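Reviewing the structure listed below.
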2 protein chains.
Amino acid sequence: MNKKVTAMDVARLAGVSQSSVSRAFSKNASISIKKRKLILDAAEKLGYQPNAIARGLITNQSRIIGIVMRDVQNPFYPEVLEKFYSRLSGEGYQIMFINSQNDEIQEHEVSQLIEYSVEGVIITDALLTSAAVQKLNRNGISVVLFNRYISDSMSNAVICNNFSAGQKIGQYLLDTGHLQLGFISGPANTSTSLDRSRGFMDTLQKQGIESIPMEDGGFTYQGGFAAAKKLMKHHEKMDALFCANDIMAFGAIDYLTTAGYRIPEDISVIGFDNVTMADWSSYALTTWKQPVDEMIQQAVKLMLDDISGQQEKPEMNFVDGCLIERASVKDRR
Amino acid sequence: MNKKVTAMDVARLAGVSQSSVSRAFSKNASISIKKRKLILDAAEKLGYQPNAIARGLITNQSRIIGIVMRDVQNPFYPEVLEKFYSRLSGEGYQIMFINSQNDEIQEHEVSQLIEYSVEGVIITDALLTSAAVQKLNRNGISVVLFNRYISDSMSNAVICNNFSAGQKIGQYLLDTGHLQLGFISGPANTSTSLDRSRGFMDTLQKQGIESIPMEDGGFTYQGGFAAAKKLMKHHEKMDALFCANDIMAFGAIDYLTTAGYRIPEDISVIGFDNVTMADWSSYALTTWKQPVDEMIQQAVKLMLDDISGQQEKPEMNFVDGCLIERASVKDRR
DNA sequence: CTTGTTTTTGAATACGTATGCAAAATTTAT
DNA sequence: ATAAATTTTGCATACGTATTCAAAAACAAG
């Protein structure tokens with residue numbers, strides 16, 4: 001293996017100092033045009049790449065953002081990952097990917113992020129304790145929560161307006177003449193599921209519907225499938241089912257169609273997310289579209305503002321989504 | 001923001017030298033049990049985390065592996081990402097995620113990997129030129145190709161035995177009495193699609209079938225949908241369709257069912273990958289299962305052997321998959 | 001207790017870069 | 001041509017850690 005090429009090597013070839021080489025690779029440093037050209041030519045000739053590790057040590061700017069993600073097999077999250085990657089790499093950041101296996105971000109995962117001096121962390125669908133946020137903040141790491149929040153207001157958060165969406169979904173199902181509603185939730189400890197449920201029930205209760213059959217589908221296909229089965233066992237007159245995410249809606253639809261129900265003639269199904277698959281003709285799912293692009297744009301802006309010290313206090317931004325009507329909800333009026 | 005806690009701070013509190021602190025956090029360094037405990041207690045008290053950036057500069061071991069991935073919205077790849085993450089983080093590595101937007105890994109992406117001194121790079125579904133491999137190797141970076149290879153034998157590769165799989169799929173469709181076969185390929189410049197096609201045609205040609213109708217579906221759902229439409233326009237007697245990946249098979253099935261064909265009564269469809277969705281009752285896809293776990297295990301072993309200098313020359317390992325029969329191929333015998 | 005051996009530990013250094021500071025070079029004004 | 005002002009550049013240093021080397025400490029043998 002060849003000896004590593006450093007700025008010192010380039011300096012020798014170009015006949016300048018190492019600090020000049022560093023300046024040549026900098027945007028704002030003072031270096032004459034002639035010397036800069038000499039240096040860049042020498043660098044090209046030697047195959048020199050600046051060492052980001054050494055630079056990070058000196059500048060205390062790793063240019064690395066951590067993304068903590070749990071359920072990458074829910075198609076919603078690969079889309080989120082891809083879009084976060086695009087925005088952040090466009091701003092010159094590298095992505096350190098952490099696939100959390102547990103509900104809650106682990107101590108060693110927090111330690112890894114600190115050890116690598118990541119400048120920020122984006123938490124997509126894992127839980128984060130206040131203690132973990134404090135530890136990250138104490139180590140100068142910006143934290144942005146994507147579609148979740150914790151109650152201590154110490155971190156930036158960008159959240160789809162889940163409560164309001166739940167309300168509107170409830171209204172939409174009532175307005176389209178559905179009488180016997182059901183709900184399939186995600187895990188009870190997730191703010192997304194809780195808020196969607198609360199919004200939904202808020203609307204129903206205002207119409208005198210005090211409670212409806214619900215099952216926890218765990219935010220998974222299998223969970224949606226099983227939850228639909230369980231619901232239909234005791235509530236065969238159900239005519240509409242709201243699933244707290246799309247992938248459970250797919251599972252619910254698959255259970256219902258294999259059980260002989262017609263979607264949406266016998267029962268309507270509505271999801272939440274608007275993953276790419278929702279548009280597939282096998283599902284043609286009516287769903288609530290999370291404004292992922294807007295949410296990611298805001299999340300990245302909050303993080304970059306925090307990193308650059310232009311932020312006074314953490315913000316919590318709610319962003320409105322919208323209904324996407326396809327073919328899985330019937331207008332029964 | 002608090003001042004960063006360093007080994008020097010811990011040394012002062014524990015009454016030892018900075019080098020002793022470093023040794024306390026090392027597995028094999030010489031340090032007395034008493035002193036180690038003193039140091040770890042002081043570190044805990046101060047909230048000290050070793051700085052991986054500084055350590056990387058000294059040891060020339062960043063403990064970072066790059067994963068270059070293109071199509072994260074094909075459900076096959078999030079599964080691959082999750083499993084690579086699990087294996088590599090278990091070996092103490094961090095993952096730097098690169099989402100390539102182009103067919104071929106870009107110069108700036110190679111530069112990023114070099115600048116951050118990643119110890120290895122795994123390429124999943126992007127193309128890599130020989131020049132790029134040479135550049136990475138010249139900078140001491142191990143390269144492993146996942147399910148692709150290039151012809152210069154300079155990099156490790158682990159590949160599903162696509163040719164053999166294509167052969168067996170061909171035989172299976174013939175053995176189950178299908179007469180009019182069709183094929184939907186991926187992009188022509190990908191070794192996976194080429195080898196699956198070659199294996200398939202090898203079997204058919206041995207049975208006197210010289211050519212069959214084919215369309216390029218670009219490895220996407222929409223592409224599969226459109227390709228199926230195009231094929232059926234001119235080959236309405238087709239009774240079996242082999243799609244070079246599952247997601248195109250889903251698209252093909254969705255086109256066919258919306259066009260009134262029954263799967264598999266009117267036409268059988270077989271895919272390749274065995275993504276989680278293949279098992280969903282809406283598709284119940286018969287497919288060829290890529291041995292992802294085995295492939296990843298071998299890929300990680302090759303990389304770690306290369307990184308630790310225990311490898312003499314790059315290897316190319318082919319791994320056999322197997323047929324998964326569900327409900328999308330009819331036995332017409 | 002003394003001598004020889006082994007282990008532990010701290011000082012010094014290097015890793016590759018960015019930058020402060022001041023000297024050198026260049027430019028501008030008279 | 002000279003002086004003043006400005007820009008460019010190199011030297012020295014620091015960033016935080018791991019490790020070499022040698023001194024100090026601890027341990028074992030006689």
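It should be emphasised that the depicted structure is a prediction, and the values quoted were computed from it without experimental measurement.
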### Counterpart residues, side-chain hydrogen bond (donor to acceptor under 3.5 Å, both in side chains), relative to B/Asn51 (two or more places apart)
none
### Query
Separation of B/Gln61 atom CD from C/dG16 atom P, in whole Å?
14 Å
### Task
Taking only the side-chain nitrogens and oxygens of A/Tyr116, find out if one of them lies under 4.0 Å from OP1 or OP2 of D/dG16.
no
#### Entry: B/Asp305 with B/Lys301: basic N within carboxylate O range, under 4.0 Å
yes
### Task
When you get a sec, tell me which of C/dT9, C/dT19, D/dG16 is the closest nucleotide to the side chain of B/Ser20?
C/dT9
### Query
Would you say the side chain of A/Thr6 and the base of C/dC15 hold a donor-acceptor pair, judged only by whether the two atoms sit under 3.5 Å apart?
no
### Rounded interatomic separation in angstrom, taking CZ from B/Arg63 and P from D/dA18
12 Å
### Query
Toward the 5' end of DNA chain C, which comes first, B/Arg23 or A/Arg23, by nearest nucleotide?
B/Arg23
### Message
What is the distance, to the nearest angstrom, from the CG atom on A/Asn51 to the C1' atom on D/dC15?
### Response
13 Å
### Message
Does A/Val16 reach a base, just sugar-phosphate, or nothing at all? Heavy atoms under 4.0 Å.
### Response
sugar-phosphate
### Message
In this structure, how many angstroms lie between the C1' atom of D/dA18 and the CE atom of B/Met8, rounded?
### Response
14 Å
### Query
Which nucleotide in the list D/dC11, C/dT17, D/dA18 gets nearest to the side chain of A/Ser17?
D/dC11
### Query
Would you call the rings of B/Tyr48 and B/Phe25 parallel, tilted or perpendicular if under 30° counts as parallel and over 60° as perpendicular?
perpendicular
### Query
Between B/Thr192 and B/Arg148, is there a donor-acceptor pair closer than 3.5 Å when you use the side chain of the first and the backbone of the second?
no
### Task
Taking only the side-chain heavy atoms of A/Gln18 (C-beta and beyond), determine which of C/dA18, C/dA11, D/dG10 contains the nearest atom.
C/dA18
### Query
Taking DNA chain D as the partner, which of residues 52-60 of chain B come within under 4.0 angstrom of it by heavy atom?
B/Ala54, B/Arg55, B/Ile58, B/Thr59
### A/Asp125 side-chain N/O to A/Met69 backbone N/O, donor-acceptor pair under 3.5 Å
no
### Message
Tell me whether A/Asp103 is salt-bridged to A/Arg70, with the criterion being a basic N under 4.0 Å from an acidic carboxylate O.
### Response
yes
### Summary
Within residues 27-43 of chain B, those residues having any heavy atom closer than 4.0 Å to DNA chain C are B/Ser30, B/Ile31, B/Ser32, B/Lys35
### Query
D/dT17 P sits how many Å from B/Phe25 CZ, rounded?
9 Å
### Query
At what distance, to the nearest 0.5 angstrom, does CG of A/Leu88 lie from CD of A/Glu119?
11.0 Å
### Query
When you measure from the side chain of B/Ser62 to the backbone N and O of B/Ser117, does any donor-acceptor pair fall under 3.5 Å?
yes
### Query
Do B/Asp293 and B/Lys83 meet the salt-bridge criterion of a basic N to acidic O distance under 4.0 Å?
yes
